[in-house]
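Starting from 1, each residue takes its place in the sequence as its number. The model shown is predicted, which means the values in this text are computed figures rather than measured ones.
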Amino acid sequence: LGKDKSIVVDPKRQYGSPVVGKTNIFPYTLYNLYKGGDKIDFIAKIYELTSQNVMDAIEFCEAA
């Protein structure tokens, strides 16, 4: 998605799996909550992320 987004693929973190920003949270975790009906603001709050982080994770998962 580019360097503007908060999804990071770093071989030193989570064995190169995509993660959200400086956390070790997988984007699929956030995406599954979103698909289950949770609001973006709620997901961001429980994981202590920004709404933009959550939207980036959703965009990443939908593109994958």
For the residue pair Glu59 and Lys5, what are the closest heavy atoms and their distance?
OE1-NZ, 3.1 Å

Group every Ile, Leu, Val, Met, Phe, Trp and Tyr by side-chain heavy-atom contacts under 4.5 Å, then state whether Tyr28 and Ile46 land in the same group.
yes

Are Phe26 and Leu30 co-members of a hydrophobic cluster defined by side-chain heavy atoms under 4.5 Å apart?
no

Could you tell me which non-hydrogen atom of Ile7 sits nearest to which non-hydrogen atom of Ala57, and how far apart they are?
CD1-CA, 3.7 Å

Are Ile58 and Phe60 connected into the same hydrophobic cluster when the rule is that any two of I, L, V, M, F, W, Y join if their side-chain heavy atoms are below 4.5 Å apart?
yes

State the CE-OH distance between Met55 and Tyr34, to the nearest 0.5 angstrom.
10.0 Å

Would you find more than 12 non-hydrogen atoms of other residues, nucleotides or ligands less than 6.0 Å from Tyr31 atom OH?
yes

For Asp41 and Ser51, work out which heavy atoms get closest and say how close.
OD1-OG, 2.8 Å

Step-by-step side-chain contact (heavy atoms from CB on, under 4.5 Å) determination, Asn53 to Tyr47:
CA-CA 10 Å; Asn53 291 142; Tyr47 280 97; over 6 Å; no

What verdict does the side-chain contact (heavy atoms from CB on, under 4.5 Å) test give for Ile25 and Val19, after you've listed the backbone C-alpha separation in whole Å, the side-chain angles of each residue and the deciding distance to 0.1 Å?
CA-CA 5 Å; Ile25 300 170; Val19 294; over 6 Å; no

Counting only heavy atoms not in Glu48, do more than 12 sit closer than 6.0 Å to its CD atom?
no

When rounded to the nearest 0.5 angstrom, what is the spacing between SG in Cys61 and CG in Asp56?
11.0 Å

If you measure from CD on Gln52 to CG on Asp4, what distance do you get to the nearest 0.5 Å?
10.0 Å

Option passing side chain to side chain contact (heavy atoms under 4.5 Å, CB included) with Leu49 (candidates Ile43, Thr23, Ile40):
Thr23

